Amino acid sequence: MELALDMARKGAEQGEVPVGAVICDLQGTILAKAHNLSIQNCDPTAHAEILALRAAGLRRNNYRLSDCVLVVSLEPCFMCMGAIREARLAGLVFGAYDKRAGAVCSCYEGLNCPELGVGTWHYGGLMADASIAVLQKFFKEKR
């Protein structure tokens with residue numbers, strides 16, 4: 001999570017909403033890391049999670065990442081949750097809950113849909129206070 005928060009801070013320095021993501025395999029090898037680039041890339045899909053999934057898929061030469069875990073500083077949105085399901089990630093760990101748009105457990109339970117096939121385990125709230133602090137600092141400075 002520390003590395004995901006570092007990526008979030010890097011995004012904030014570039015004027016992006018500070019969300020950072022890291023993908024590692026089950027042995028702990030880091031395959032990809034990213035931060036939001038939606039503003040810079042003029043791309044609404046350039047969320048940290050999506051960018052990290054793309055990079056990990058390219059590194060693995062496979063769009064399925066069933067032996068990998070995504071660590072992200074903020075609960076994923078609906079779009080990212082769908083990408084997580086499609087990648088067949090083994091697990092997801094996130095920092096802050098997103099009461100406005102979180103699609104893992106806050107607003108929608110997108111990873112708990114057995115009718116959609118094998119699910120991804122998830123754990124939320126890891127270093128939530130630090131994740132929230134990064135977001136609050138960014139938006140306070142923006143105002």
Side-chain angles (χ1 to χ4, degrees), residues 1-113 116-117 119-143:
M1 184 58 77
E2 286 288 351
L3 185 52
L5 286 169
D6 287 345
M7 294 305 298
R9 290 182 195 99
K10 184 176 179 182
E13 290 169 6
Q14 296 178 19
E16 298 283 349
V17 174
V19 177
V22 177
I23 295 180
C24 61
D25 64 21
L26 297 179
Q27 290 72 45
T29 303
I30 295 171
L31 302 174
K33 56 187 180 177
H35 58 78
N36 280 355
L37 285 173
S38 295
I39 297 167
Q40 183 176 325
N41 290 359
C42 300
D43 179 358
T45 69
H47 288 195
E49 301 95 324
I50 301 293
L51 298 173
L53 286 167
R54 288 176 183 162
L58 287 171
R59 182 165 177 189
R60 281 285 185 84
N61 198 33
N62 193 338
Y63 70 108
R64 298 287 193 225
L65 301 169
S66 59
D67 65 336
C68 296
V69 174
L70 169 64
V71 180
V72 63
S73 59
L74 181 66
E75 179 182 359
C77 70
F78 196 79
M79 173 184 69
C80 293
M81 180 275 306
I84 290 165
R85 290 193 64 87
E86 290 301 314
R88 307 291 197 268
L89 283 172
L92 165 71
V93 176
F94 65 89
Y97 288 86
D98 186 349
K99 300 297 182 193
R100 185 185 60 82
V104 175
C105 49
S106 291
C107 299
Y108 181 73
E109 294 185 7
L111 296 179
N112 296 330
C113 299
L116 295 178
T120 299
W121 61 261
H122 58 88
Y123 178 82
L126 181 66
M127 297 181 67
D129 290 342
S131 298
I132 291 166
V134 170
L135 288 160
Q136 287 177 336
K137 180 178 186 277
F138 174 79
F139 286 112
K140 185 176 181 180
E141 290 172 0
K142 282 290 248 189
R143 293 182 183 127

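Just so it is clear, the structure is predicted and the values come from calculations on it, not from any experiment.
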Worked verdict on Cys107 versus Glu75 for side-chain contact (heavy atoms from CB on, under 4.5 Å): CA-CA 10 Å; Cys107 299; Glu75 179 182 359; over 6 Å; no
Residue pair Leu89, Ser66: steps toward the side-chain contact (heavy atoms from CB on, under 4.5 Å) verdict: CA-CA 5 Å; Leu89 283 172; Ser66 59; over 6 Å; no
Trace of the side-chain contact (heavy atoms from CB on, under 4.5 Å) decision for Val104 with Tyr123: CA-CA 10 Å; Val104 175; Tyr123 178 82; over 6 Å; no
Verdict with reasoning, Phe138 to Val134, per side-chain contact (heavy atoms from CB on, under 4.5 Å): CA-CA 6 Å; Phe138 174 79; Val134 170; 5.8 Å; no
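The heavy-atom pair separating Leu126 from Ser131 by the smallest distance is O-OG, 4.4 Å. Counting all heavy atoms, side chain and backbone alike, Arg60 lies closest to Asp67 at NH1-OD1, 2.8 Å. When all heavy atoms of Ile30 and Arg59 are compared, the pair lying nearest together is O-NH1, 2.8 Å. Heavy atoms only, all atoms of each residue included: Pro76 and Met81 are closest at CB-N, 4.2 Å.
Side chain of Ser73 to backbone of Leu5: no donor-acceptor contact under 3.5 angstrom is found. Remark: side-chain polar atoms of Asn41 are not paired, donor with acceptor, to backbone N or O of Asp43 under 3.5 angstrom. In this structure a side-chain-to-backbone donor-acceptor pair under 3.5 Å is present from Trp121 to Ala90. No donor-acceptor distance shorter than 3.5 angstrom exists from the side chain of Glu49 to the backbone of Ile84, with no hydrogens or angles considered. Looking only at distances, a side-chain donor or acceptor of Arg85 sits under 3.5 Å from a matching main-chain atom of Gly110.
Between the CE atom of Met7 and the CG atom of Leu51 there is a distance of 9.5 Å, given to the nearest 0.5 Å. Atom-to-atom distance recorded for Cys42:SG and Leu37:CG is 11.0 Å, nearest 0.5 angstrom. Between Leu65 atom CG and Arg88 atom CZ the span is 11.0 Å, to the nearest 0.5 Å. Between Gln136 atom CD and Glu141 atom CD the span is 12.0 Å, to the nearest 0.5 Å. A distance of 11.0 Å separates CD of Glu86 from CG of Leu53, quoted to the nearest 0.5 Å. To the nearest 0.5 Å, the span separating NE2 on His47 from CG on Leu74 amounts to 10.0 Å.
Counting heavy atoms from C-beta outward, Ile50 and Arg54 have side chains that approach closer than 4.5 Å. Using a 4.5 Å cut-off on side-chain heavy atoms (C-beta onward), Val71 and Met127 make no contact. Looking only at side-chain heavy atoms (C-beta outward), Asp98 and Cys77 stay at 4.5 Å or farther from each other.
Scored by the ring-ring contact (aromatic ring centres under 6.0 Å, His included) test, Tyr97 finds Phe94 as partners (sequence neighbours excluded). In this view, Phe78 and Tyr108 satisfy the ring-ring contact (aromatic ring centres under 6.0 Å, His included) rule, not counting sequence neighbours.
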Which side-chain N or O atoms in residues 11-25 pair as donor and acceptor under 3.5 Å with protein atoms at least two apart or in another chain?
residue: Glu16; atom: OE1; partner: Ser38; partner atom: N; Å: 3.2
residue: Glu16; atom: OE1; partner: Ile39; partner atom: N; Å: 3.0
residue: Glu16; atom: OE2; partner: Ile39; partner atom: N; Å: 3.2
residue: Glu16; atom: OE2; partner: Gln40; partner atom: N; Å: 2.6
residue: Asp25; atom: OD1; partner: Gln27; partner atom: N; Å: 2.9
residue: Asp25; atom: OD1; partner: Gly28; partner atom: N; Å: 3.0
residue: Asp25; atom: OD1; partner: Thr29; partner atom: N; Å: 2.9

